**Student:** 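Here it is, the structure in full.
The model shown is predicted, which means the values in this text are computed figures rather than measured ones. One-based numbering, in listed order, for ligands and for the atoms of each. The figures here come from the full heavy-atom set of this structure, side chains too, leaving out hydrogens, waters and symmetry mates.
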Amino acid sequence: MINHYFQNEVQPLMHKVQTTNRSTAHSGISKTDFLLSVIVQSFRRIPTVNGDIDSVTTVAMSLSSALLKRLQSRRGTLAAVNLGGARSFTTTEGHRPTIVHKRSLDILHDPWFNKGTAFSMTERDRLDLRGLLPPSVMSPEQQIERFMADLKRLEQSARDGPSDPYNLAKWRILNRLHDRNETMYYKVLIDNIEEYAPIVYTPTVGLVCQKYSGLFRRPRGMYFSAADRGEMMSMVYNWPAEQVDMIVVTDGSRILGLGDLGVQGIGIAIGKLDLYVAAAGINPQRVLPVMIDVGTNNEQLLKDPLYLGLQEHRLDGEEYIEVIDEFMEAVFTRWPHVIVQFEDFQSKWAFKLLQRYRKEYRMFNDDVQGTAGVALAGLLGAVRAQGRPMIDFPKMRIVVAGAGSAGIGVLNAARKTMSRMLGDTDVAFESASRQFWVVDANGLITEAREQIDPDARSFARKVKEIERQGLREGASLAEVVRQVKPDVLLGLSAVGGLFSKEVLEALKESTSTRPAIFPMSNPTKNAECTPEEAFSIVGDHIIFGSGSPFSNVDLGNGHVGHCNQANNMFLFPGIGLGTLLSGSKIVSDGMLQAAAECLAEYMTEEEVLQGIIYPSISRIRDITKEVAAAVITEAIEEDLVEGYREMDARELHKLDQDEIRTYVQNNMWNPDYAKLVYKKD
Ligand SMILES: NC(=O)c1ccc[n+]([C@@H]2O[C@H](COP(=O)([O-])OP(=O)(O)OC[C@H]3O[C@@H](n4cnc5c(N)ncnc54)[C@H](O)[C@@H]3O)[C@@H](O)[C@H]2O)c1
Ligand SMILES: O=C(O)C[C@H](O)C(=O)O
Ligand SMILES: [Mg+2]
């Protein structure tokens, strides 16, 4: 093939050059240089198959040795560098190609060859790098500018206050360890989960996403962009792992409560998968964070010359769905047993995509379904903490601030559970619906609302009914709390400080013996209130649960106000692990309900009475194991299981509860070094 190539392509070109003295003379380029450049150009057009490049190099070198010698004596050194298995020929001018014997991630992980975001699109295609880098191609100058801006920002942040840069510095150190030695990284994380979950996950991960363009060093995961339409099926094979168990995918449109962060949202998928490894023991070699970059509507990012993503407005409508469809088809074609967790998609798409895929693929939406289960467990915990029986749950009066993907997910799950407890009839459903008051950016949602969001419509209150309660369409949160005197005030609004002094003062009038306050929005600055505010204004007897971690509050006299972390991290790892190990065809409502009930029952009576309604994060591996076992049990019950590896469906059906737990435990990855043995391919 090589000889054929030289005879047919290179030699005719060389002949042409030799006979066109005048053209080279006019352009001021010597014939020798021009000839050499023809050879070099020809290298670029040869398919980069490793074996071929070796032969091409040999043939080309012998063909042109005379030319090269002459050039060497005239123009300086020709360096032939041998770098551990990869040979690189370059002249001092730096315009000659470097021959590499590597591809894909091996290039990105090799400091000699890596150019990061500066790889051109042609190189990305030819070196199997497509999808392994953020879509924007940067010049070396832009790369340096981005790096320097990041350095300067760190200095500036250090001046402004110690808290954030300290956490970011820890994130950087951990991230470097993650790049060098995954086993050690996860050992550090698992052994110190309480200390480092807030760094690799919420809340620091939010800051990391905001500053991602500066922090970006080595890519992790895959990037599919709107510009990759039609190519995803082949791109997915650029990922080096033969098996992938868990994908977390985001389109970056609603990262925590921080809004549209575009391509920078990849950080959230990485953080979630860190918990999959640390809490669920998913093998880190088989996880894949994915960013689908369909543009951004964040005007600042659209103008930022150092932004790493597509600088165009987000795709919408059918075009958007086509991109997500193509991605789903590609990953499920390559890895038919993978589970895909959708994360931080704006509400507009979160529900639609969930409905579109949930019956066909093994997928779930963490913000809608994981959050719903965690909140439900918290609501049931609040009933228990009042010393009331669970059956009293349908009597709870619940005010929810926020009617987005998370709020509506929680409302649907809570109403369904109440309705079931009341007998699962239409009347029960109607009665359950009357236990909720939903306030969004425009105030209390009633049937009088114009242009009501379809997902929120079934929670809109009847006008007459709320008028009797002294309320009206659009009433403020404080008014609603004052009139309703709820048992629970739950925030999924992404508005920091929304539970103001006025709102919390109003909650003091709650008829509950232990009102529950759940400021679930993330990260910390978006929490609807702090525990100090809640305990000091409403009283020591409250139940408190926040999305981001806070320290317990010293109430004086040796009493502690307990801060629960009401975060979907207590469910999603177990839902994923249970689905994987059961080989369930889909993630059913029953499996999600079983997960939530398992979490609700996890705390002892004594703990609950002390106001501890969620486990501490130091127990996350244990609760995840329990949740996974509950999910598997339900999947078996619903006859959805197809099995996992040697545990086929028939064997699964034979397992009792303890055996299911042991099965889960035995299949969780631990961060221990494996013995390595070299074997030639
Ligand atoms: N703790 C957890 O596990 C968890 C899980 C999922 C989401 N969240 C958090 O929940 C928040 C919301 O997420 P989402 O996906 O539902 O977002 P979203 O943007 O879809 O919804 C936000 C909702 O809040 C409403 N809102 C805005 N301003 C308001 C105000 N002043 N008063 C009352 N409501 C107001 C909006 O109208 C909207 O209905 C985010 O901060 C996210 O981090 C937490
Ligand atoms: O990521 C988290 O910490 C929880 C949740 O998924 C969120 O979007 O806020
Ligand atoms: Mg989320």
**Student:** For Ala406, take its heavy atoms, then give the atoms of ligand 1 lying under 4.0 Å from any of them.
**Tutor:** 6 (C), 7 (C), 14 (P), 15 (O), 16 (O)
**Student:** Can you tell me which portion of Asp453 lies within the under-4.0 Å heavy-atom range of ligand 1? Options are side chain, backbone, both, or neither.
**Tutor:** neither
**Student:** For atom 26 (N) of ligand 1, which protein heavy atom lies nearest, and how many Å away is it?
**Tutor:** Ala441 N, 3.6 Å
**Student:** Side chain, backbone, both or neither: which part of Arg254 comes within less than 4.0 Å of ligand 1 when only heavy atoms are counted?
**Tutor:** side chain
**Student:** Checking a contact table here: which protein heavy atom is nearest atom 11 (C) of ligand 1, and how many Å away?
**Tutor:** Ser521 OG, 3.6 Å
**Student:** Among the N, O or S atoms of Asp367, which one sits nearest to the Mg ion (ligand 3)?
**Tutor:** OD1
**Student:** Backbone, side chain, both or neither: what part of Asn526 comes under 4.0 angstrom of ligand 1, heavy atoms only?
**Tutor:** neither
**Student:** Going by the atom numbers of ligand 2, which of them fall below 4.0 Å from some non-hydrogen atom of Asp367?
**Tutor:** 5 (C), 6 (O), 7 (C), 8 (O)
**Student:** Using the side chain to side chain contact (heavy atoms under 4.5 Å, CB included) definition, which of the options Ile247, Ile324, Thr250 pairs with Phe342?
**Tutor:** Ile324
**Student:** Does only the side chain of Ala566 get under 4.0 Å from ligand 1, or the backbone, or both, or neither? Count heavy atoms.
**Tutor:** backbone
**Student:** For Leu477, state whether at least one heavy atom is located under 4.0 Å from any atom of ligand 1.
**Tutor:** no
**Student:** Can you list the atoms of ligand 2 that are under 4.0 Å from a heavy atom of Asp344?
**Tutor:** 8 (O)
**Student:** Looking only at protein heavy atoms, identify the closest one to atom 21 (O) of ligand 1 and say how far it is in Å.
**Tutor:** Gly404 CA, 3.3 Å
**Student:** Using a heavy-atom cut-off of under 4.0 Å, does the side chain or the backbone of Asp440 touch ligand 1, or both, or neither?
**Tutor:** both
**Student:** Give the atom numbers and elements of ligand 2 that come within less than 4.0 Å of a heavy atom of Asp366.
**Tutor:** 6 (O)
**Student:** State if Tyr201 counts as touching ligand 2 under the rule of any non-hydrogen atom under 4.0 Å.
**Tutor:** yes
